[in-house]
Number of protein chains: 2
Amino acid sequence: MEAVARPLYLQVREALTARIADGEWKAGEALPSEFALAAQMGVSQGTVRKALDAMAADNLLERRQGRGTFVPEQTEARSLFHFFRMQDAAGAPVVPTTLRHAIERIQAPADVARTLDTGRRQVWRIQRLRAVGGRPAIIEHIYLDPQRFPGLGPDTALPNALYGYYQSAAGVTVARAEDSLSAVAAAPDQAAQLGIAPGAPLLRAHRVARDLRGTAVELRQSWFETSFQHYQVALN
Amino acid sequence: MEAVARPLYLQVREALTARIADGEWKAGEALPSEFALAAQMGVSQGTVRKALDAMAADNLLERRQGRGTFVPEQTEARSLFHFFRMQDAAGAPVVPTTLRHAIERIQAPADVARTLDTGRRQVWRIQRLRAVGGRPAIIEHIYLDPQRFPGLGPDTALPNALYGYYQSAAGVTVARAEDSLSAVAAAPDQAAQLGIAPGAPLLRAHRVARDLRGTAVELRQSWFETSFQHYQVALN
DNA sequence: GAGTGGTCTAGACCACTGT
DNA sequence: CAGTGGTCTAGACCACTCG
């Protein structure tokens, strides 16, 4: 049984995605020109263009007229724009800072082990308390597979935006994520950290982040104090 | 001062969007073929195709190979898929039913009047209590401008999915929306309606829905009881 | 079989970037 | 200036739908 032939431009797209995932071009570097890629892959320039345009639409590439086609860098601004949806009452993006964090190696909870496919191995858990406008506002629990993040340790210094760190330190590119949102009551220890009353409402986000190949690389739980910030979603 | 010439395919896209908004083709009807449109508008078929593809990507059109290019109908399935993001614990889409509703004409709160641009006029407010799996789970307050919905009255029978009603009864197509999410404590009357404890956490969504021209046509506040359903968001 | 959108190619010209 | 992506055109062929 032969699979149905997929369109050429999708094959080109997958081949290029795989080459990026393999590190053939690193973050910030340019791919060869459309004509060069077309010659390499034995297709027309128009077909390469269609593949590149589709990848750019999914934020897997950045095209700059007159310069080239680039593998995006997970800069802090880019991470915030794509993967952080909190805005203040005026609709302006919110930039959180980290007040404190802790990194531990723990036995993976069942759902974490299942999602990250870590089997019986231990996982890293990063806990962070983050502030918005100087005020404690976000609690995060982040789970990572030590096999994919060998450089991580209890004393690793972490930047504000983790996805840039994943990329530069472990070669892991977060390409997309899914958030599952609900409202929960603040537990006593959460309330103490955030300086609010126990039982006060918090917005909880359960996130699975995936790399270019679609493999889950991060599981994150966040609790947001939403009296002065909102989670913004565009629907169309 | 002449504005910079925009690309032809964007001009084509805007012209077609305006013609759809004007009702030249109604929901469910097909546009002329690519070649016919190209001849009409004096551009090549490839340029029309680029405009149509972009509109299809934004859910403004539906293309079906061998059949034609259609103006989408706001069926219940489509509305749910595009504008309702609740899923149950298993990740399956949730289909709410309406338990009861009330339609009143009220003085518009300031933010409603500003968003819908109704000035000093009164507005319609639709209140609904909705159930998921037979269990009260969602409270909605929906604000509409009577000038855009002249057929609406206190005794109007409403279907489950309002956006289909907007389209068929008032010729208003909801093309996109923005949700702003936060967590709040249930007020006593809300708790009573939902059968939960006062102060229990609810997920609140503040929505502005816009038509094809980008004009705000609906303002909606929803409160979700999220112990058995979640608001799902894809990020990329 | 006629008509539709989907794919693929080829080539021309424009707009922007860096040297 | 050379090289890049962006736009526009033209034409061929394929896959699907319907009568």
Side-chain angles (χ1 to χ4, degrees), chain A residues 1-17 19-20 24-73 78, chain B residues 1-17 19-20 24-73 78:
Chain A
M1 303 294 265
E2 177 72 45
V4 176
R6 326 249 321 299
L8 252 188
Y9 73 92
L10 287 180
Q11 297 178 36
V12 169
R13 177 186 169 141
E14 273 154 35
L16 293 174
T17 304
R19 290 166 75 179
I20 294 169
E24 182 165 342
W25 307 288
K26 306 216 180 324
E29 291 181 1
L31 269 61
S33 74
E34 296 178 352
F35 281 103
L37 287 172
Q40 265 182 33
M41 311 179 82
V43 300
S44 80
Q45 173 261 358
T47 298
V48 170
R49 161 174 291 274
K50 187 158 181 177
L52 294 176
D53 282 346
M55 292 172 74
D58 287 347
N59 299 310
L60 302 180
L61 291 173
E62 278 176 7
R63 314 200 74 184
R64 300 182 212 153
Q65 186 173 167
R67 301 205 46 208
T69 301
F70 296 78
V71 179
E73 271 180 294
R78 191 183 157 83
Chain B
M1 304 293 265
E2 177 71 45
V4 176
R6 325 248 323 297
L8 251 187
Y9 74 91
L10 287 181
Q11 297 177 39
V12 169
R13 178 188 169 138
E14 273 154 34
L16 291 175
T17 303
R19 289 167 75 180
I20 294 169
E24 181 166 342
W25 306 289
K26 307 217 180 322
E29 291 182 0
L31 270 60
S33 74
E34 296 178 351
F35 280 102
L37 286 171
Q40 266 182 32
M41 311 179 83
V43 300
S44 80
Q45 173 260 359
T47 299
V48 170
R49 162 173 290 275
K50 186 158 181 176
L52 294 177
D53 282 347
M55 292 172 75
D58 288 348
N59 300 310
L60 302 180
L61 290 174
E62 277 176 7
R63 314 200 72 185
R64 300 181 212 154
Q65 187 174 165
R67 303 206 44 207
T69 301
F70 296 79
V71 178
E73 271 180 294
R78 191 184 158 85

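Model, not experiment: these values are computed from the prediction. Here is how names work: the chains are called A, B, and so on, in the same order as the sequence lines, proteins then strands, and each is numbered from 1.
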(request) Give the minimum heavy-atom separation between A:L61 and A:P72, together with the two atoms involved. (result) CA-CD, 3.9 Å
(request) Using the closest heavy atom to pick a nucleotide of DNA chain C for each, name whichever of A:G66 or B:R49 lands nearer the 5' end. (result) B:R49
(request) Inspect the contact between A:R67 and A:E62 and indicate whether a charged nitrogen and a carboxylate oxygen are less than 4.0 angstrom apart. (result) no
(message) From CZ of A:F35 over to P of D:dG5, roughly how many Å is that when rounded to an integer?
(response) 9 Å
(request) Could you work out which one of C:dT9, D:dT7, D:dT9 sits closest to the side chain of B:V43? (result) D:dT9
(message) If I take atom CG in residue B:L52 and atom P in nucleotide C:dT4, what distance separates them, rounded to the nearest angstrom?
(response) 13 Å
(message) Heavy atoms from C-beta onward define the side chain here; which of D:dA15, C:dT9, C:dC8 lies closest to that of B:Q65?
(response) D:dA15
(message) Tell me whether B:R13 is salt-bridged to B:D58, with the criterion being a basic N under 4.0 Å from an acidic carboxylate O.
(response) yes
(message) Please report the distance, rounded to the nearest Å, between CD in A:E29 and P in D:dT4.
(response) 16 Å
(request) Could you check how far CG of B:L8 sits from P of C:dC13, rounded to whole Å? (result) 17 Å
(request) Round to the nearest Å and state the distance from B:R6 atom CZ to C:dA15 atom C1'. (result) 16 Å
(message) I want to check one thing: is the phosphate of C:dT9, taken as OP1 and OP2, less than 4.0 Å away from some side-chain N or O of A:T47?
(response) yes
(message) If you compare every side-chain N and O of A:Y9 against the phosphate oxygens of C:dC8 (OP1, OP2), does one of them come in below 4.0 Å?
(response) no
(message) Please determine whether a side-chain nitrogen or oxygen atom of A:R67 lies at a distance below 4.0 Å from atom OP1 or OP2 of C:dG18.
(response) yes
(message) I need the CD-P distance between A:E34 and D:dT4, as an integer number of Å.
(response) 10 Å
(request) Heavy atoms only: give me the nearest A:A30-A:W25 pair and the separation to one decimal. (result) O-CD1, 4.0 Å
(request) Could you tell me whether the side chain of A:L60 reaches within less than 4.5 Å of the side chain of A:I20, counting heavy atoms only? (result) no
(request) To the nearest Å, give me how far apart CG (B:L37) and P (C:dT4) are. (result) 11 Å
(message) Rounded to whole Å, please give me the gap between CG in A:D53 and P in C:dT7.
(response) 14 Å
(request) Please check the phosphate of D:dG6 (OP1 and OP2 only) for any side-chain N or O of A:R63 closer than 4.0 Å. (result) yes
(request) Indicate whether OP1 or OP2 belonging to D:dT7 is found under 4.0 Å from a side-chain N or O atom of B:K50. (result) yes
(message) What contact category does B:Q45 fall into here, base, sugar-phosphate, or nothing, at under 4.0 angstrom with non-hydrogen atoms?
(response) nothing
